[in-house]
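Numbers restart at 1 for each chain; the letters A, B, ... are given by sequence-line order, proteins then strands. Computed from a prediction, not measured in an experiment: that's the story for all the values here.
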Amino acid sequence: MKIELDTNDRIYEVDVEPYESLNSVLRDKIGLTGTKRGCDKGGCGACTVLLDELAVYSCMIPAVRAEGKKVTTIEGLAKNNKLDPIQDAFIKQGAVQCGYCTSGMILSAKGLLNQNPDPTEEEIKDTIAGNICRCTGYVKIVEAITAASKMMREGEIHD
Amino acid sequence: VVTLSFKPDEYIKVKTVDEVITLLQEHGEGAAIIAGGTELHQLAEGGMIPQVKKLIDIEQLDLSYIESSEEGIRIGAATNLRNIMDYPLFQKEGAYTGLHEAAKILPIQVLGLGTIGGNICSGLPILNFPSVVSMLDAELKTISSDGDGSIPANEFFIDYFLTALQPNEFLTEIRIPRLPERTGSVFLPFKLLAMDFPTASIAARVTLSEDETCEDVRIVFGSLGRIPFRAKRAEGKLKGKSLEDKTIGEAAKAVLKEIDPISDLRGSAEYKKELSRVLTEQALVKAKKRALG
């Protein structure tokens, strides 16, 4: 079936199977491979994207269901050649090792900070509970999200 | 890749309840309702629903709501767990706290999608809401080609994956009766791993009189067997008694005589028995505290 997917503020027309996952469509049909494929069963978080404001596992969302909603992937975060503060913070805090979990982590964090600009450490940990990282031990990831929230709050004051 | 193994031939976004009824009537078990889609995905991934050829997406039906009135609480079947967790009345320490605790799951990627109706209709005793709606004496409202129906939560669960729903029937609303003043409820899971299903879980509720006599009580276990289990023997030890530590301890011991848990990868039967005794004590102490406000 033919659908239109609004992804990163661009409309893609794609032909999809009835239960084809958003993950497959993003990666294999649209070519946005920044969203990773991990366990494919809603457990590892590598495939996390935003559906409207909600962080979801793209592996368990039928692409058909994303029609009429806004999909945001890691490729859609940088604006005007400027990285999103969360991306910036992940680099500065050294929150990336192999990088496989990174886009999912950043999208989960984005979903949180969109709704809660000043989260507690506990809220940050809950937010990334569904994003598995096998390299870093999570400490630097939590630090990066904390730093990003601070940057975003201060940025707002200067604007 | 699930896309390659699970191949329904149609994905239908319905706009009316009538459409759902027609599709269910026509296709029976060849059709499945997709609400949040999180549990369905597990089944698809496990190759457990090869017969499903039609997916009925009910996202656009008006089934996501929570309404509280004098008669009780109505929760739309497609209300997601985050909305239940965040509902102010359920966050308050009291009669409905068990709903908040049962909805409070991780990961957030499932919390925002998974629905209370899906949690119930999956018919899996390791999920949270089967025991909680049983504990709250909820009525499950349904619709089918035969008209409106209502099934008491206590009669809804029949076996693993099997509920009292007919193939042409679907759940629309969960109705929870208004509970008396001085009632406290609790849902308490015990997990070996934060992201796993519980080894055992308990849903409990007590109503206390002015002099702290137990006027009403429910103890329902999840995860122990094929369906939620109501511990009536333990309840009998509490009703009409003052809810002191000693009485609570006796009720918890009575649980050992009536439960018959299965051994599985999350623990042996013996371990789950002792765990259930401890959970009973902890749950009753919490419920009592909430009843007293």
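- Across all non-hydrogen atoms, the minimal contact from B:L113 to A:L54 is CD2-CD2, 4.3 Å.
- Around the CD atom of A:E121, the shell of radius 6.0 Å holds no more than 12 heavy atoms that belong to other residues, nucleotides or ligands.
- Test A:V64, A:V16, A:I3 against B:Y11 for side chain to side chain contact (heavy atoms under 4.5 Å, CB included) and you get one pass: A:V64.
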- Task: Kindly indicate, with the supporting measurements, whether the criterion side chain to side chain contact (heavy atoms under 4.5 Å, CB included) is fulfilled by A:R65 and B:I34.
- Result: CA-CA 10 Å; A:R65 174 168 271 199; B:I34 172 164; 4.1 Å; yes

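- The closest donor-acceptor contact from the side chain of B:H41 to the backbone of A:P62 lies at 3.5 Å or more, if one exists at all.
- Only the side chain of A:I61 comes within contact range of chain B, with at least one heavy atom under 4.5 Å from a heavy atom of that chain.
- In this structure, chain A has a heavy atom under 4.5 Å from the backbone of B:E10, while its side chain stays farther away.
- Pairing each heavy atom of A:Y19 with each of B:A44, the nearest pair is CE2-CB, 4.3 Å.
- Using a 4.0 Å cut-off between charged side-chain N and carboxylate O, B:E59 and A:K69 make a salt bridge.
- If you take CD on A:E123 and CD1 on B:I108, they are separated by 11.5 Å, rounding to the nearest 0.5 Å.
- The number of heavy atoms from other shown groups lying within 6.0 Å of CD (B:Q51) is above 12.
- The neighbour count for A:K36 NZ, taken as heavy atoms of other residues, nucleotides or ligands under 6.0 Å away, is above 12.
- No donor-acceptor distance shorter than 3.5 angstrom exists from the side chain of A:K41 to the backbone of B:G46, with no hydrogens or angles considered.
- Shown here is B:K92, whose NZ atom has no more than 12 heavy atoms of other residues, nucleotides or ligands within 6.0 Å.
- The distance from atom CG of B:L106 to atom CG of A:D126, rounded to the nearest 0.5 Å, is 5.0 Å.
- Both the backbone and the side chain of A:E67 come within contact range of chain B, judged by heavy atoms closer than 4.5 Å.
- The two atoms that bring B:P107 and A:G130 nearest to each other are CB-CA, 3.4 Å, heavy atoms only.
- Closest heavy-atom contact between B:Q109 and A:N131: NE2-OD1, 2.9 Å.
- Contacts between A:T127 and chain B at a heavy-atom distance below 4.5 Å involve backbone atoms as well as side-chain atoms.
- Residues A:M60 and B:T38 share a closest heavy-atom pair of SD-CG2, 3.6 Å.
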